[in-house]
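What follows is a short report on a single structure.
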There are 2 protein chains.
Amino acid sequence: MRLGIVQFNPRVGDIDRNLEETIAYISRARDAGCDLVVFPELSLCGYFPFDLLWRHGFVARMEEAVAEVVKNSSGIGVIVGGISARRIRTGANLTDPSSLVDGGGIDLYNSAFLIHDGRLVGEEQKLHLPTFDVYYEKRYFTPGDGAQVFEFDGETIGINICEDLWVEDGPTDAQASLGAKLVINISASPFFAGKGEIRRNLAARRARENGVTLVYVNRVGGQDEIVYDGGSFVTSPQGRLLFQAPYFKEGLYTFDLDQLSPVPRQQEDRIGLIHAAIILGITDYVKKNGFSHVLVGLSGGIDSALVAALGVEALGPEAVTGVFMPSEITSEESRTDAYETAHRLGIEIIEAPIAGTLDAARAALPAPPTGLAAENLQARIRGTLLMTLANARNSLVLATGNKSEIAVGYNTLYGDTVGAIAPIGDLLKDDVYKLADRLGDLIPPHVKEKPPTAELRPGQQDEDDLPPYQLLNSILRRLVEENASREELIAAGFPAETVDEVLRRYYRSEYKRNQLPLVIKVSPKAFGIGRRFPITHCYQG
Amino acid sequence: MRLGIVQFNPRVGDIDRNLEETIAYISRARDAGCDLVVFPELSLCGYFPFDLLWRHGFVARMEEAVAEVVKNSSGIGVIVGGISARRIRTGANLTDPSSLVDGGGIDLYNSAFLIHDGRLVGEEQKLHLPTFDVYYEKRYFTPGDGAQVFEFDGETIGINICEDLWVEDGPTDAQASLGAKLVINISASPFFAGKGEIRRNLAARRARENGVTLVYVNRVGGQDEIVYDGGSFVTSPQGRLLFQAPYFKEGLYTFDLDQLSPVPRQQEDRIGLIHAAIILGITDYVKKNGFSHVLVGLSGGIDSALVAALGVEALGPEAVTGVFMPSEITSEESRTDAYETAHRLGIEIIEAPIAGTLDAARAALPAPPTGLAAENLQARIRGTLLMTLANARNSLVLATGNKSEIAVGYNTLYGDTVGAIAPIGDLLKDDVYKLADRLGDLIPPHVKEKPPTAELRPGQQDEDDLPPYQLLNSILRRLVEENASREELIAAGFPAETVDEVLRRYYRSEYKRNQLPLVIKVSPKAFGIGRRFPITHCYQG
């Protein structure tokens with residue numbers, strides 16, 4: 001069987017455009033002699049539409065789109081992802097108006113449609129609906145009735161959807177026992193560093209357990225805070241890798257399934273993959289929202305230099321403007337570093353000094369602010385100037401916060417937090433340095449060497465206000481990414497007073513994270529929709 | 001049977017304090033001669049802990065708390081809400097690190113514990129886990145195994161939990177068929193206007209269907225954006241109301257179940273209930289977060305006057321400061337109205353003119369901003385001054401946005417949107433007026449009579465920038481609260497060009513709503529956690 005895999009980059013909600021591109025890919029696959037072309041999960045509406053699914057008319061439009069694919073499938077088999085609906089829901093709460101607004105009375109399924117030569121052969125519904133981390137599928141979908149197999153081109157095949165592959169005793173097992181020798185999993189699997197390796201190991205295990213060839217088809221592209229990395233692949237019944245599509249790259253990949261032979265597994269480059277994910281995340285956010293230019297507040301520090309460099313890699317140097325906003329505290333060193341950064345990146349730099357605005361703001365208040373209020377005021381004036389420039393130039397602001405800062409609230413809400421998207425908001429400070437090193441000469445060596453400072457009071461250094469970064473990052477990795485408790489952290493050897501300080505800061509800064517820009521997810525647990533804590537709470541453990 | 005109902009106002013995550021208060025209530029109920037005292041859903045940890053449930057140690061602490069209640073139950077029956085756990089999860093995804101962080105391997109249940117005289121009699125697990133609107137229970141919980149009944153004090157009773165009452169063929173039916181004559185539902189049911197009536201009608205139906213006496217026990221209090229309104233009640237097997245606890249008021253209510261006789265249903269006062277909900281929402285947010293003072297930017301307009309007045313009702317006049325921040329565009333009329341508002345409310349008013357800061361900010365930029373950028377700059381300087389005052393005085397800012405503005409993005413991110421909580425963010429502009437009218441003389445008549453203006457350019461009026469409010473609000477009610485599609489709105493007689501403008505504004509302002517303060521929910525569909533749209537999308541229907 002000649003197979004085509006489409007690492008598709010759909011637009012969420014733009015069903016017309018996705019359909020048009022789907023039909024074009026089908027045509028290309030037909031021309032390439034494919035018997036079957038496979039699109040990823042929810043390819044027709046884009047993963048993930050959230051409450052758009054409940055907009056009246058959305059599901060009907062999806063059903064029309066599937067019908068259009070059927071019409072355009074002459075001489076070829078197609079698997080597309082979409083929604084199907086059953087109009088009467090049993091056991092639903094039809095009494096609460098909120099439940100009615102939220103799709104009451106309609107069961108929705110996350111489905112794969114198998115289409116062949118002008119005919120809808122059948123539909124496989126997702127059985128296991130992930131509802132942890134960034135997944136919200138049980139909010140919207142009903143689990144399918146059960147696994148089935150299809151006869152296609154003389155073979156018995158099973159189709160299942162993303163999470164269906166990840167659970168034990170899932171549909172792959174059932175489909176194999178029904179005679180499937182080929183199982184196709186269509187996915188929309190979010191990137192985090194190391195996920196590709198986990199997926200391949202998982203697929204190899206499922207393939208071996210069931211003696212099936214496993215084809216894994218993943219979507220690609222940035223969608224708000226999530227980056228889908230593609231990296232589709234084929235695994236033999238012995239668990240050997242037979243084909244590997246590239247990461248982060250949309251495209252049609254075709255091959256004769258019977259003529260594949262084992263290919264070596266590449267050693268994965270963690271920082272390299274994170275780098276590529278962030279670039280795609282920036283590119284797709286900016287372009288899919290109809291923008292072409294971004295602003296970055298350049299402080300002379302490592303975070304803003306890195307964000308500007310990533311912006312340049314994503315969009316080109318003409319598309320990025322650095323804004324240097326010195327105060328009277330700003331050192332000559334910071335100025336030199338900011339200008340040198342802009343110079344190396346080849347970007348425009350604008351200087352907007354804040355002293356005058358700061359003086360005027362102090363004078364406007366009944367008493368000039370001191371302490372933290374005075375520090376925050378500087379950051380907020382910078383945020384205001386940056387947003388004014390963004391509005392005037394129809395640009396987006398890239399926020400420069402990193403995960404260490406965000407975790408402990410070492411930032412100013414409406415100040416350095418402003419922006420549409422935070423490209424390094426899921427990188428702890430040590431990974432910030434690692435990624436900066438990866439960019440080579442783009443970032444001035446001095447920027448990487450000097451101690452980090454918020455520069456909101458004379459002589460300030462981050463490590464005067466916070467635990468040393470090495471200690472802080474080690475605690476945060478365990479706390480945020482593994483959910484380690486206070487006791488577990490202390491048992492792991494971290495000083496109790498530091499653990500308590502970090503926990504206090506972590507819990508108390510939830511209100512800031514609630515108003516943060518989108519943080520591009522590159523770790524198993526990022527700040528954003530995959531994490532949901534109350535703001536008002538007293539838990540300290 | 002003598003029953004005690006505790007309309008409890010727990011602190012989320014403060015298990016020690018909730019336990020201490022629980023024990024005190026049990027003691028009071030015992031002194032009042034109660035045979036059984038009933039607490040609401042998740043009373044020991046507070047509804048709703050979200051990802052705190054996955055913090056290592058949280059569930060163990062809950063289990064200890066239940067054991068403490070058992071120890072303190074001599075001579076009385078107790079029903080408390082809490083979490084129970086089963087340590088091996090079947091069919092879970094234990095491969096993805098995100099799923100492991102998110103409670104992988106442990107099944108959690110939302111449970112009611114029946115305790116009697118020093119003994120844990122049994123546990124009833126919630127069967128129906130709401131995962132629409134503001135509910136996220138399937139993210140955390142596994143449905144219980146099935147409904148059961150308990151023998152207590154010579155009676156067969158059924159216990160079920162919140163949503164269990166709302167679905168057809170739910171556990172009430174099963175419990176009645178197992179012989180229960182008394183069914184107790186423990187809830188944490190969020191307020192929206194009209195919900196109390198819906199609950200009573202529902203309970204009356206379930207009681208009649210099954211010939212049972214139904215006791216409905218709801219929590220009370222504000223928790224972030226949600227207000228729980230209490231209003232616990234008892235319904236006879238004939239569907240008659242036998243007892244009604246007050247709304248929005250914590251307390252122990254005791255009665256002899258056998259001696260109740262029908263009480264009249266009160267006609268509900270929609271605006272009055274919304275009013276009370278907002279007051280409790282403000283009070284609990286401010287106090288539970290350890291603050292005692294709030295700031296409101298007073299523009300002289302209706303929204304800020306109303307928010308200041310609500311702040312005064314919640315916290316007292318000494319706890320509220322109005323901040324008047326005129327520009328050169330600000331009219332004498334606005335000044336008079338702002339000062340008159342402060343005067344009537346008896347609050348401090350601070351004047352912080354923005355002209356100097358505005359001039360300095362313009363001068364700091366390469367070119368003075370014009371148009372929307374210039375308008376937003378004014379709003380952001382106001383936001384900055386307000387936040388500086390808040391930091392300096394350890395105060396919270398009450399945001400003044402209303403639902404009509406928020407829906408169409410007629411606001412400035414980091415400008416008039418700043419704040420911890422938006423008390424009228426779920427009120428369309430017509431309800432803003434209705435609530436202001438309810439406050440009588442607290443708000444100057446002129447503030448209610450003049451046309452609304454953002455006053456960011458000379459002579460500006462809202463209705464020059466937006467569709468007339470009456471039309472806008474009618475569309476928004478259908479769009480936001482009923483999910484009406486473009487076609488449905490046009491079929492309902494709204495002009496197509498207005499519908500398209502509103503839809504465009506609605507979808508395009510999602511990025512602002514993503515960074516908004518908490519909006520106190522008073523309608524079936526508020527902006528906040530009950531609504532989840534992608535920012536990047538192209539849907540227009």
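Every chain is numbered from 1 and lettered A, B, ... according to where its sequence line falls, protein lines coming before strand lines. Predicted model only: the values in this text are computed from it and were never measured.
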query = Which region of B:L202, side chain (C-beta onward) or backbone (N, CA, C, O), has a non-hydrogen atom less than 4.5 Å from a non-hydrogen atom of chain A, or is it both or neither?
reply = side chain
key: Region of A:P130 in contact with chain B, defined by heavy-atom distances below 4.5 Å   = neither
Over all atoms of both residues, closest heavy-atom pair of A:E481 and B:V101 = O-CG2, 2.8 Å
remark   = Taken in chain and number order and not counting sequence neighbours, the residues that satisfy side chain to side chain contact (heavy atoms under 4.5 Å, CB included) with A:P353 are A:P326, A:E351
request  = Name the region of A:D169, side chain, backbone, both or neither, that has any atom closer than 4.5 Å to a heavy atom of chain B.
outcome  = neither
ask   = Is it the backbone or the side chain of A:V480 that comes under 4.5 Å from a heavy atom of chain B, or both, or neither?
value = backbone
task = Look at the aromatic rings of A:Y136 and B:Y136 and report parallel, tilted or perpendicular, splitting at 30° and 60°.
result = perpendicular
ask   = With a 4.5 angstrom heavy-atom cut-off, which part of A:E488 approaches chain B: side chain, backbone, both or neither?
value = side chain
key: B:F48 versus chain A, the contacting section by heavy-atom distance below 4.5 Å   = backbone
task = Work out which heavy atom in B:S98 is nearest to a heavy atom in A:K521; give both atom names and the distance.
result = OG-NZ, 4.3 Å
key: Note, B:T95 side chain near A:R205 side chain (heavy atom, < 4.5 Å)   = yes
query = What pairs of residues pass the side chain to side chain donor-acceptor pair (under 3.5 Å) test when at least one of them lies in residues 377-390 of chain B, not counting sequence neighbours?
reply = A:T384-B:T384, A:N391-B:R380
query = Side chain, backbone, both or neither: which part of B:L479 has a non-hydrogen atom closer than 4.5 Å to chain A?
reply = both
